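Data first, discussion second: the structure below is written as structure tokens.
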Amino acid sequence: MVTNTEETPKKSLNFIEAFVEQDLKDGKNGGRIQTRFPPEPNGYLHIGHAKAICLDFGIARNYNGICNLRFDDTNPVKEDVEYVDSIQEDIEWLGYKWQNIYYASDYFQQLWDLAIELIKQGKAYIDEQSAEDIAKQKGSPTVAGTESPYRNRPTEESLALFLKMNTGEIAEGAMVLRAKIDMASPNMHFRDPLLYRVITSHPHHRTGYTWKAYPMYDYAHGQSDYFEGVTHSLCTLEFEVHRPLYDWFIDQFKDSDYRPRQIEFNRLNLTYTVMSKRKMLQLVQENLVSGWDDPRMPTICGLRRRGYSPDAIHNFIDKIGYTKFEAQNDIGLLEHAVRESLNKTVSRVNAVINPVKLIITNYPEGKVEMMETGNNPEDETSGTRLIPFSNVLYIEREDFMEDAPKKFFRMTPRQEVRLKSAYIVKCTGCKKDSEGVIEEIYCEYDALTKSGMPESGRKVKGTLHWVSAQHALQAEVRLYDRLFSIENPSADPRDFRDLLNPDSLRVLTNCFVEPSLQTANALDQFQFQRLGYFNVDPDSTPEKLVFNRTVSLKDSWAKEQQR
RNA sequence: UGUCUUAUGGUGUAAUGGUAGCACUGCAGUUUCUGGAUCUGCCUGUCUAGGUUCGAGUCCUGGUAAGACAACCA
């Protein structure tokens, strides 16, 4: 018997999976695994959320547990159904399905009842000071806070006022409910944290004006986890200091062996990108991008519109891992992941985005041949299609040089090149206008070198893509580059809006694509041969085709030129 | 003069006291009807000083550096 341990090495666990397995081994929570993805519906999801989603849903999937979607909707001032809808759409697009969908607002009554319990136990009180005074009394990380003059008011008084906080009798900002813990705690979060505040100015997107007193995050989030039976509450590193308070609340209310466990991991930082919802909102509101789904945005909907596949995003997140180290992830790795994903799955087509005419002087005018070409060399099952060939073609301007260096393998006088899936041609010259701009390029074809014929096996250094001028469709192509010109815009002291890459979008309107693209649908993905991966923008119509460049192909010639 | 946390090639991530490995990037080559893809090789690393141990990236102590925490945000 041969062991197969060498063939299937055990995949190493990340530290969270290791905790989960240990908890399972220890028999905690009856062997149950339950996670949740808890977005606040105040913005669109971005790739950083995707990292959290993959973890929350992935842990549940791998350990036979469940993952729920819960909207942490405790602040009506910022939240909206628009976001509730987009969040669900994005999670599903990523390929996940929640077991249940919950809202923190579902628990407003339970949270309220528990808060009353806390007041009755003398562990919470109503404070009538201004926000400024309360902030002042908090002290600082190195200086202990001071106690509120309302801290020791009678329980009955707090109880009565708390009820009033929810009737509309109390003005916004006039009173808050605070836990009575320790104003001198070295952990700032223990200095009598706020539990409830009054909001009457905005309706809640689900409960309208029913509630006037709304619970704060630390209280609502942890208790929501508890109500739902969450076993592993996974969140990002900045909540580490909140964990003792999370545990404190659980300790106040828990009535069995069950307890949720908060574990923090590093958030996703991408080079040349900002990942803050606030900054993204600003980009959108100030029209610095076209919207949340602008293909330059790191939002899920932006990536989708850009042509990223869910598969690419999963691969990327798989590669970066989960640790407690505050990492800067190279956006090049994301680009690698999408190339790797699309290379295997996407059809190759011909498109010329910076066209110049190529005239084959010895090819009969008016003759049209249909050339057979493979759809995807990486996928044997992808089949072939026919593309029209004639005596006038478009090729890329960059593929011709009148005076070419030795390493230039493309169109240049007296040099043979292959026109992909067609013939080998030899350049004979070109015509220039008075400014010296090349208007037409001339070549002669060798009829014996048609693709598939024996002579076509001749060695030529370069292969060019092309479209037939009379058959090609005109199209708009949008070329995207990194949104920011600085590697780490968040660490730069300058305003992030001054750090935008002025060339992050280039729109080319005079592009030509092969006729088969006439019937392409929005979001369909392609490889434009030798150029990169592109998809059909939702703006595209049969009359006016619009394509987005997802990512360019690796270009070793461009690199060579930079030397 | 606080609490919590982190430190492995350029970047990210493994090694769970026992040969520092993988991916991306970069470089060189192979191959190719995409200067793509493929395949091969190479470069580059345990923050620091002590300690425990037969043996330390891993455990302990001190230092250094970095991050989070003082919203009626989540």
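This one's a predicted model, so the numbers in the text were calculated from it and none came from an experiment. Numbers restart at 1 for each chain; the letters A, B, ... are given by sequence-line order, proteins then strands.
Remark: A/E398 does not engage A/R410 in a salt bridge, criterion side-chain N to carboxylate O under 4.0 Å. Comment: A/R482 engages A/E335 in a salt bridge, judged by a side-chain N to carboxylate O separation of less than 4.0 angstrom. Between A/R36 and A/E228, no side-chain nitrogen of the basic residue sits less than 4.0 Å from a carboxylate oxygen of the acidic one, so the salt-bridge criterion is not met. A salt bridge does not link A/K78 to A/E40: none of the charged nitrogens lies less than 4.0 Å from a carboxylate oxygen.
Annotation: A/K212, atom NZ; neighbour count of heavy atoms from other residues, nucleotides and ligands within 6.0 Å is above 12.
Comparing the P positions of B/G26 and B/U64 gives a spacing of 38 Å, expressed to the nearest Å. As rounded to the nearest Å, B/U44 and B/G63 have P atoms that lie 34 Å from one another. Nucleotides B/C39 and B/U58, compared at atom P, are 36 Å apart to the nearest Å. Here, B/A66 and B/C59 have their C1' atoms 23 Å apart, quoted to the whole Å. Taking atom C1' on both B/C22 and B/C4, the two are 32 Å apart, rounded to the nearest angstrom. B/U61 and B/U52: their P atoms are spaced 15 Å apart (whole Å). Atom C1' of B/C27 sits at a distance of 38 Å from the matching atom of B/U5, rounded to the whole Å. Across the C1' atoms, B/C42 and B/U34 are found 27 Å apart, a figure rounded to whole Å.
Under the ring-ring contact (aromatic ring centres under 6.0 Å, His included) test applied with A/F534, the options A/F547, A/F526, A/F528 reduce to a single match, A/F528. Checking each of A/F108, A/Y214, A/F162 against A/Y196 for a ring-ring contact (aromatic ring centres under 6.0 Å, His included) leaves exactly one that passes, namely A/F162.
Each of B/G2, B/U34, B/C72 was ranked by its minimum atom distance to the side chain of A/T142; first place goes to B/G2. Ranking B/U34, B/G26, B/U3 by closeness to the A/V241 side chain, first place goes to B/U3. Taking every side-chain heavy atom of A/P141 into account, B/C69 is the closest of B/C69, B/G35, B/C27.
For the OP1/OP2 pair of B/G35 and a distance below 4.0 Å, the side-chain nitrogens and oxygens of A/R418 include no atom meeting the criterion. At B/G36, one or more side-chain N or O atoms of A/S556 fall inside 4.0 Å of OP1 or OP2 (strictly under the cut-off). Distances shorter than 4.0 Å separate none of the side-chain N or O atoms of A/R267 from OP1 or OP2 on B/G67. Using a 4.0 Å cut-off, some side-chain N or O of A/R530 falls inside it from OP1 or OP2 of B/G35.
If A/P39 and A/R348 are placed on RNA chain B by their nearest nucleotide, the residue sitting closer to the 5' end is A/R348. Nearer to the 5' terminus of RNA chain B, by closest-nucleotide assignment, is the contact made by A/K459 (compared with the other of A/E378 and A/K459).
Heavy atoms of A/E240 sit under 4.0 angstrom from primed sugar atoms or phosphate atoms, though from no base atom. Residue A/A144 is out of contact with every strand shown, counting any heavy-atom pair closer than 4.0 Å. Looking at heavy-atom distances under 4.0 Å, A/G43 makes no contact with the nucleic acid at all. Contact annotation for A/Y214: no contact, since no heavy-atom pair falls under 4.0 Å across all strands. Nucleic acid contact for A/K461: none, since no nucleic acid atom lies under 4.0 Å from a heavy atom of the residue. Among the protein residues, A/F265 comes within range of no part of the nucleic acid, since none of its heavy atoms lies under 4.0 Å from any strand. A/S185 comes within 4.0 angstrom of no nucleic acid atom, judged by non-hydrogen atoms across all strands.
A donor N or O paired with an acceptor N or O is found under 3.5 Å between the base of B/G35 and the side-chain atoms of A/R410.
Residues A/V198 and A/K164 have side chains not in contact (no heavy-atom distance under 4.5 Å, counting atoms from C-beta outward).
In RNA chain B, stems built from 3 or more consecutive Watson-Crick or G-U wobble pairs, each with both distances under 3.5 Å, span B:2-7 with B:64-69, B:10-13 with B:21-24, B:26-29 with B:39-42, B:47-51 with B:59-63.
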**Asked** What string of B, S and - do you get for nucleotides 8-24 of chain B 5' to 3' if you count protein non-hydrogen atoms under 4.0 Å?
**Response** ---SSSSSB-------S

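Geometrically, A/R261 engages A/F19 in a cation-pi contact, judged by NZ or CZ lying under 6.0 Å from the ring centre and within 45° of the ring axis.
Nucleotide B/C4 holds its P atom 14 Å from the CZ atom of A/R191, rounded to whole Å. Rounded to whole Å, atom P of B/U34 lies 14 Å from atom CG of A/L531. A straight line from NE2 of A/H242 to P of B/A71 spans 11 Å, rounded to a whole angstrom. Rounded to a whole Å, the CD atom of A/E380 is 14 Å from the C1' atom of B/U38. Atom pair A/E560:CD and B/G26:P shows a separation of 14 Å (rounding to whole Å applied). Between the P atom of B/C33 and the CE atom of A/M371 lies a distance of 17 Å, rounded to the nearest Å. Spacing between atom NZ of A/K136 and atom P of B/C72 amounts to 13 Å, rounded to whole angstrom units. With rounding to whole Å, A/E132 atom CD is found 16 Å from B/A70 atom P.
An aromatic stacking contact between A/Y217 and the base of B/A74 is absent, as defined here by ring centres under 5.5 Å apart and ring planes under 30° from parallel.
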**side chain to side chain donor-acceptor pair (under 3.5 Å) between A/E487 and A/Q328, intermediate numbers included** = CA-CA 10 Å; A/E487 188 166 284; A/Q328 275 290 323; over 6 Å; no

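Ring planes of A/W292 and A/Y44: parallel class, angle under 30° (limits at 30 and 60°).
Proximity of the aromatic rings of A/F239 and A/Y246 is defined here by a centroid distance below 6.0 angstrom, and this criterion is not met.
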